[in-house]
Amino acid sequence: MTSETSRAGDLLVRIGAVVFVVGAVATLATITPLFLGSDPLPTAAYLVSMLMGVGFAIAGAGMLRSIAVQRREAREAARR
């Protein structure tokens, strides 16, 4: 752990990264049967693989929130 304080949006970025990794693993699991020549996985596996995009969107929202807070703090510091 670092001594750096947690900023706004950090939690969203972490959650987004976890959701993205889950979606990436599901994507690998769904394309593996196509290369091995076995039966494709059920539809639920393909739906879970869509979490990759959802995780990317969540992490992006966290980044935008962090950027907005940093810009607001910079504006307030410039006024002083």
Side-chain angles (χ1 to χ4, degrees):
M1 290 247 136
T2 62
S3 62
E4 190 173 316
T5 59
S6 181
R7 306 199 97 189
D10 285 352
L11 182 61
L12 281 176
V13 172
R14 289 185 183 132
I15 291 170
V18 170
V19 173
F20 181 86
V21 169
V22 169
V25 169
T27 299
L28 291 174
T30 55
I31 63 169
T32 301
L34 300 174
F35 291 120
L36 298 177
S38 60
D39 293 333
L41 295 176
T43 305
Y46 290 95
L47 294 175
V48 173
S49 69
M50 290 183 189
L51 288 176
M52 203 166 149
V54 172
F56 188 76
I58 293 171
M63 291 294 292
L64 291 175
R65 184 171 183 209
S66 178
I67 290 168
V69 169
Q70 288 177 8
R71 290 181 76 188
R72 190 176 314 123
E73 289 173 354
R75 263 189 253 123
E76 289 174 3
R79 289 181 188 164
R80 295 179 190 167

For this session: Using side-chain contact (heavy atoms from CB on, under 4.5 Å) as the criterion, point out the one residue from Asp10, Val13, Ile58 that pairs with Met63.
Result: Val13
Exercise. Tell me the salt bridge (Lys or Arg N to Asp or Glu O under 4.0 Å) pairs involving residues 58-75, sequence neighbours left out?
Worked result: Arg7-Glu73
Just distance, no hydrogens or angles: give the donor-acceptor pairs under 3.5 Å from side chains in residues 29-43, sequence neighbours left out.
unit_1 : atom_1 : unit_2 : atom_2 : d
Thr30  : OG1    : Ala26  : O      : 3.2
Thr30  : OG1    : Thr27  : O      : 2.8
Thr32  : OG1    : Leu28  : O      : 2.5

Exercise. Going by side-chain heavy atoms closer than 4.5 Å, which hydrophobic residues are tied to Phe20, directly or by a chain of links?
Worked result: Met52, Phe56
Exercise. What are the two closest non-hydrogen atoms of Leu51 and Val22, and how far apart are they?
Worked result: CD1-CG1, 4.1 Å
Exercise. Using links of under 4.5 Å between side-chain heavy atoms of ILVMFWY residues, direct or through other members, which residues join Met50 in one cluster?
Worked result: Leu47
